[in-house]
Amino acid sequence: MPELPEIETVCRQLRDVILGAEITRTRVLDPKLRGSGGLTGRKVEGITRQGKAVALVLEGGGVIIVHLRMTGRFLWHEGKGIPPHTRLVISFSRGRLLLIDPRRFATVTVSKNLPTAPLGSDLLNDGDPSQLWLLAQKSKAAIKAFLMDQRRIAGIGNIYACEILHRAEINPWRKSNTLSRDAWITIAAVAKEILKQAITCRGTSVSDWRDLFGTAGENQRYLMVYGREGEACYRCGERVERRKLSGRGTYYCPACQNEKGGPNHGTMEL
DNA sequence: ATACGCACCTGATTGC
DNA sequence: TGCAATCAGGTGCGTA
Ligand SMILES: [Zn+2]
């Protein structure tokens, strides 16, 4: 589930715990992750976020890129034994960093350099509305799919895409190239607010997301539409709907995101 | 270029 | 109770 705010949260917490620390041992518990061992003696020199991926930069060259995908999470563990679904153990003198991942979609790659990322701009740190507008002029894709396309915009996943569009009062099916420059100013501003708030809350814990120390995030308390099918919209009272958009459950308010006069007004076809 | 279905996996929940 | 279908944070592939 981890999207930008969840990964940002773990990165910040990892900096407090393993920055400058030396790897004393690695254990690979999932054959899919073979190739992510053999790092004994390496020191963690930096921790950065690349969209939704965590990059552990090693001293003397080399980097471990971890993508948590759907159910992956990191846990800092100082006790004995390991919890179920632990797929990788990276040991340090002061404790062990566990990669826990029930569905086993997470990926770990060890390479020489940070990848020349095919990632788009990051709405937390960049997100210039004029540039986004220009980029969107070239796309007929639904705005929600556009926001979630990591090559265009890095870090937005299904939960935050739904939340951003609801706060911006934009229909998820709206064609990207029909949005005005002003609309992009709104999107960029709203996205930054929502992402920052979620980071302050240490992420959104739907199902099993936990931060580095095993604590649930708080942002699920502030979700306006995600996971609220059939419940009243907090803004207008209409019932929140869920429909599929490019294969993903999409939550939206058919009233506040109907965009009267807009291309989809009155027709929520599909 | 873009859209869709499906695959990758496991577990929880829902419906009959 | 039992079992099958459906759903879930994400990405990547092959196919129209
Ligand atoms: Zn509403």
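All values below were derived from every heavy atom in this structure, side-chain atoms included, with hydrogens, water molecules and symmetry-related copies excluded. By convention in this document, chain letters (A, B, ...) are assigned in the order of the sequence lines, proteins followed by strands, and residues within each chain are numbered from 1. Computed from a predicted structure; not experimentally measured.
Toward the 5' end of DNA chain C, the nearer of the two residues A:Arg248 and A:Arg242, judged by each one's closest nucleotide, is A:Arg242.
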Its dot-bracket string being built from Watson-Crick and G-U pairs below 3.5 Å, with | for another strand and [ ] for crossing, DNA chain C has the pattern .|||||||.|||||||
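Between the C1' atom of C:dG10 and the CH2 atom of A:Trp209 lies a distance of 14 Å, rounded to the nearest Å. Atom pair A:Leu4:CG and C:dG10:P shows a separation of 11 Å (rounding to whole Å applied). The nearest whole Å value for the distance from the CZ atom in A:Arg69 to the C1' atom in C:dG12 is 7 Å. Taking atom CH2 of residue A:Trp173 and atom P of nucleotide B:dC4, one finds them 11 Å apart after rounding to whole Å. Taking atom CG of A:Leu99 as the reference point, atom P of B:dC9 lies 15 Å away to the nearest angstrom.
You'll find a donor-acceptor pair under 3.5 Å spanning the side chain of A:Arg103 and the base of B:dC9, going by distance alone.
Cation-pi geometry between A:Arg242 and A:Tyr226 is not satisfied (NZ or CZ under 6.0 Å from the ring centre, within 45° of the ring normal).
Side chain to side chain, A:Tyr251 and A:Gln257 fail the donor-acceptor criterion of an N or O pair below 3.5 Å. Inspection of the A:Lys144 and A:Thr250 side chains reveals an N or O donor paired with an N or O acceptor under 3.5 Å. At a cut-off of 3.5 Å, with distance as the only test, a side-chain donor of A:Trp76 or A:Glu78 sits close to an acceptor on the other residue.
Among the protein residues, A:Tyr226 comes within range of the sugar-phosphate backbone only, with heavy atoms under 4.0 Å from sugar or phosphate atoms but none that close to a base. Residue-level contact check: A:Arg210 touches neither bases nor backbone, having no heavy atom under 4.0 Å from any strand. Across all strands, A:Arg151 comes closer than 4.0 Å to no nucleic acid atom at all (heavy-atom distances).
Between C:dT11 and A:Gln150, a contact under 4.0 Å exists linking OP1 or OP2 to a side-chain N or O. Close to C:dA8, at under 4.0 Å from its OP1 or OP2, lies a side-chain N or O of A:Lys244. Between A:Arg104 and B:dT10 there is a side-chain polar atom (N or O) within less than 4.0 angstrom of OP1 or OP2. Put simply, A:His85 has a side-chain N or O that comes within less than 4.0 Å of OP1 or OP2 on B:dG11. A:Lys52 has a side-chain polar atom (N or O) that falls below the 4.0 Å cut-off from OP1 or OP2 of C:dT11. Between A:Lys32 and the phosphate of B:dC9, there is a side-chain N or O to OP1/OP2 separation shorter than 4.0 Å. Proximity of A:Arg152 to the phosphate of B:dT2: a side-chain N or O atom is located under 4.0 Å from OP1 or OP2.
Listed candidates were B:dA3, C:dT11, B:dT10. Nearest to the side chain of A:His67 is C:dT11. Relative to the side chain of A:Ser139, the nucleotides B:dT2, C:dG10, B:dC4 differ in distance, and B:dT2 lies closest.
Nucleotides B:dA1 and C:dG10 place their P atoms 25 Å apart, quoted to the nearest Å. Taking atom P on both nucleotides, C:dT11 is separated from B:dG11 by 22 Å, rounded to a whole Å. Spacing between C:dT6 and B:dG5 at atom P, rounded to whole Å, works out to 14 Å.
Remark: A:Arg94 CZ is loosely packed, at most 12 non-hydrogen atoms of other residues, nucleotides or ligands lying under 6.0 Å away.
For A:Arg152, the side chain to side chain contact (heavy atoms under 4.5 Å, CB included) criterion is met by A:Leu135, A:Ser139, A:Phe146, A:Asp149, not counting sequence neighbours.
Remark: ring of A:Phe105 does not overlap the six-membered base ring of B:dC9 in a stacked fashion, as centroids less than 5.5 Å apart with planes less than 30° apart are not both met.
No option in A:Leu98, A:Asp101, A:Val28 other than A:Asp101 meets the side chain to side chain contact (heavy atoms under 4.5 Å, CB included) test with A:Arg87.
Using a 4.0 Å cut-off between charged side-chain N and carboxylate O, A:Arg202 and A:Asp211 make a salt bridge.
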